[in-house]
Amino acid sequence: TSVSAAVLTSIIGFAVPLLGRLLGRTEFAEHAIVLWLMLFGVWIRMTTEGLGVALYARHQDRAVWQGSLLMLAVSLGSNSLFVPLFGLIGVGYSAILSATFIGLWRWIHVRQHS
(Lines give C-alpha, C1' and ligand atoms only; values in the text may rest on other atoms or scores of the structure.)
Protein backbone atom coordinates (compact mmCIF):
# COMPACT_ATOMS: atom_id res chain seq x y z
CA THR A 1 0.00 0.00 0.00
CA SER A 2 2.78 2.38 0.91
CA VAL A 3 4.59 1.92 -2.41
CA SER A 4 1.38 2.14 -4.46
CA ALA A 5 0.34 5.28 -2.61
CA ALA A 6 3.78 6.81 -3.18
CA VAL A 7 3.62 6.10 -6.91
CA LEU A 8 0.08 7.42 -7.30
CA THR A 9 0.63 10.53 -5.20
CA SER A 10 3.83 11.27 -7.13
CA ILE A 11 2.01 10.99 -10.44
CA ILE A 12 -0.75 13.29 -9.19
CA GLY A 13 1.77 15.69 -7.65
CA PHE A 14 3.60 16.14 -10.94
CA ALA A 15 0.61 15.93 -13.29
CA VAL A 16 -1.72 18.47 -11.67
CA PRO A 17 0.68 21.46 -11.73
CA LEU A 18 1.84 20.53 -15.23
CA LEU A 19 -1.71 20.23 -16.53
CA GLY A 20 -2.57 23.48 -14.75
CA ARG A 21 0.13 25.28 -16.70
CA LEU A 22 -0.86 23.65 -19.97
CA LEU A 23 -4.53 24.55 -19.49
CA GLY A 24 -3.90 28.09 -18.33
CA ARG A 25 -4.81 27.43 -14.69
CA THR A 26 -1.60 28.76 -13.17
CA GLU A 27 -2.97 28.62 -9.62
CA PHE A 28 -2.46 24.85 -9.69
CA ALA A 29 1.24 25.36 -10.36
CA GLU A 30 1.52 28.31 -7.96
CA HIS A 31 0.11 26.27 -5.07
CA ALA A 32 1.81 22.98 -5.90
CA ILE A 33 3.40 22.87 -2.45
CA VAL A 34 -0.07 22.73 -0.88
CA LEU A 35 -0.93 19.81 -3.15
CA TRP A 36 2.30 18.02 -2.23
CA LEU A 37 1.65 18.49 1.49
CA MET A 38 -1.89 17.17 1.09
CA LEU A 39 -0.60 14.22 -0.93
CA PHE A 40 1.97 13.50 1.77
CA GLY A 41 -0.91 13.39 4.25
CA VAL A 42 -2.71 10.94 1.96
CA TRP A 43 0.42 8.81 1.76
CA ILE A 44 0.71 8.73 5.57
CA ARG A 45 -2.95 7.80 5.86
CA MET A 46 -2.71 5.00 3.29
CA THR A 47 0.49 3.67 4.87
CA THR A 48 -1.28 3.29 8.23
CA GLU A 49 -4.52 1.91 6.78
CA GLY A 50 -3.37 -1.63 7.52
CA LEU A 51 -3.47 -0.80 11.21
CA GLY A 52 -7.12 0.18 10.81
CA VAL A 53 -7.80 -3.18 9.19
CA ALA A 54 -6.08 -4.90 12.12
CA LEU A 55 -8.31 -3.03 14.56
CA TYR A 56 -11.37 -3.99 12.54
CA ALA A 57 -10.32 -7.64 12.34
CA ARG A 58 -9.78 -7.74 16.10
CA HIS A 59 -13.23 -6.28 16.68
CA GLN A 60 -11.75 -3.18 18.30
CA ASP A 61 -14.67 -1.17 17.00
CA ARG A 62 -14.46 1.43 19.75
CA ALA A 63 -10.88 2.31 18.75
CA VAL A 64 -11.95 2.54 15.10
CA TRP A 65 -14.85 4.93 15.58
CA GLN A 66 -13.21 6.95 18.35
CA GLY A 67 -10.12 7.41 16.20
CA SER A 68 -12.22 8.53 13.25
CA LEU A 69 -14.16 11.05 15.34
CA LEU A 70 -11.01 12.35 16.99
CA MET A 71 -9.29 12.66 13.60
CA LEU A 72 -12.25 14.72 12.41
CA ALA A 73 -11.81 17.00 15.43
CA VAL A 74 -8.05 17.26 14.82
CA SER A 75 -8.67 18.08 11.17
CA LEU A 76 -11.29 20.71 11.94
CA GLY A 77 -9.22 22.25 14.72
CA SER A 78 -5.95 22.29 12.82
CA ASN A 79 -7.58 23.74 9.69
CA SER A 80 -9.29 26.40 11.83
CA LEU A 81 -5.93 27.28 13.36
CA PHE A 82 -3.46 26.77 10.50
CA VAL A 83 -5.35 28.41 7.63
CA PRO A 84 -5.66 31.79 9.38
CA LEU A 85 -2.05 31.54 10.62
CA PHE A 86 -0.32 30.28 7.47
CA GLY A 87 -2.78 30.81 4.64
CA LEU A 88 -3.64 28.12 2.11
CA ILE A 89 -0.55 26.08 2.97
CA GLY A 90 -2.17 25.49 6.37
CA VAL A 91 -4.49 23.02 4.65
CA GLY A 92 -1.45 20.90 3.81
CA TYR A 93 -0.09 21.12 7.33
CA SER A 94 -3.48 20.08 8.66
CA ALA A 95 -3.64 17.09 6.32
CA ILE A 96 -0.27 15.85 7.59
CA LEU A 97 -1.21 16.41 11.23
CA SER A 98 -4.55 14.62 10.86
CA ALA A 99 -3.03 11.65 9.05
CA THR A 100 -0.23 11.40 11.59
CA PHE A 101 -2.74 11.52 14.42
CA ILE A 102 -4.88 8.67 13.07
CA GLY A 103 -1.76 6.62 12.31
CA LEU A 104 -0.44 7.02 15.83
CA TRP A 105 -3.89 6.37 17.31
CA ARG A 106 -4.17 3.11 15.40
CA TRP A 107 -0.61 2.05 16.18
CA ILE A 108 -1.10 2.65 19.91
CA HIS A 109 -4.35 0.65 19.97
CA VAL A 110 -2.93 -2.22 17.92
CA ARG A 111 0.09 -2.41 20.27
CA GLN A 112 -2.06 -2.25 23.43
CA HIS A 113 -4.12 -5.22 22.31
CA SER A 114 -1.14 -7.35 21.23
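- Under a hydrophobic-cluster definition in which Ile, Leu, Val, Met, Phe, Trp and Tyr are linked whenever side-chain heavy atoms come within less than 4.5 Å, directly or via other members, I89 and I12 are assigned to different clusters.
- Residues L97 and V34 fall within the same hydrophobic cluster, defined by Ile, Leu, Val, Met, Phe, Trp and Tyr side chains chained together at heavy-atom separations under 4.5 Å.
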task = Given side chain to side chain contact (heavy atoms under 4.5 Å, CB included), test V110 with R58 step by step and report yes or no.
result = CA-CA 9 Å; V110 165; R58 292 178 176 178; 3.7 Å; yes

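- The closest side-chain heavy-atom distance from R106 to E49 is below 4.5 Å.
- Note that CG of L88 is 11.0 Å distant from OH of Y93, once rounded to the nearest 0.5 Å.
- No continuous path of ILVMFWY side-chain contacts below 4.5 Å connects V42 to V91, so the two sit in separate hydrophobic clusters.
- Minimum interatomic distance between T47 and S2 (heavy atoms only, all atoms of both residues): OG1-OG, 3.3 Å.
- In this structure, F86 places its CZ atom where more than 12 heavy-atom neighbours from other residues, nucleotides or ligands lie under 6.0 Å away.
- A distance of 11.5 Å separates OG of S75 from CZ of F101, quoted to the nearest 0.5 Å.
- To the nearest 0.5 Å, atom CG of residue L8 and atom CE of residue M46 are 9.5 Å apart.
- A 4.5 Å side-chain heavy-atom check between M71 and R45 finds at least one atom pair inside the cut-off.
- Of all heavy-atom pairs spanning L35 and P17, the tightest one is CD2-CD, 4.0 Å.
- Contact of the L18 side chain with the F14 side chain is not registered, since no non-hydrogen atoms from C-beta on lie closer than 4.5 Å.
- Under a hydrophobic clustering in which Ile, Leu, Val, Met, Phe, Trp and Tyr are joined whenever their side-chain heavy atoms come within less than 4.5 Å, directly or via other members, W43 and I33 fall into the same cluster.
- Put simply, CD1 on I44 and CD1 on I102 are 12.5 Å apart, with the number rounded to the nearest 0.5 Å.
- Of the inter-residue distances, the one linking W65 atom CH2 with L55 atom CG reads 13.5 Å to the nearest 0.5 angstrom.
- Cluster membership for I96 and L81, using ILVMFWY side-chain heavy atoms within less than 4.5 angstrom, is shared.
- Taking CZ of F82 as the reference point, atom CG of L85 lies at 8.0 Å (rounded to 0.5 Å).
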request  = Take Q66 and W105 through the test side chain to side chain contact (heavy atoms under 4.5 Å, CB included) and record every step on the way to the result.
outcome  = CA-CA 9 Å; Q66 282 178 340; W105 175 270; 3.8 Å; yes

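- The backbone N or O of S94 sits less than 3.5 Å from a side-chain atom of S98, completing a donor-acceptor pair.
- At distances below 3.5 Å, not a single donor-acceptor pair connects side-chain atoms of R21 with backbone N or O atoms of F28.
- Although no hydrogens or angles enter the test, the distance criterion places no donor-acceptor pair under 3.5 Å between the side chain of W36 and the main chain of T9.
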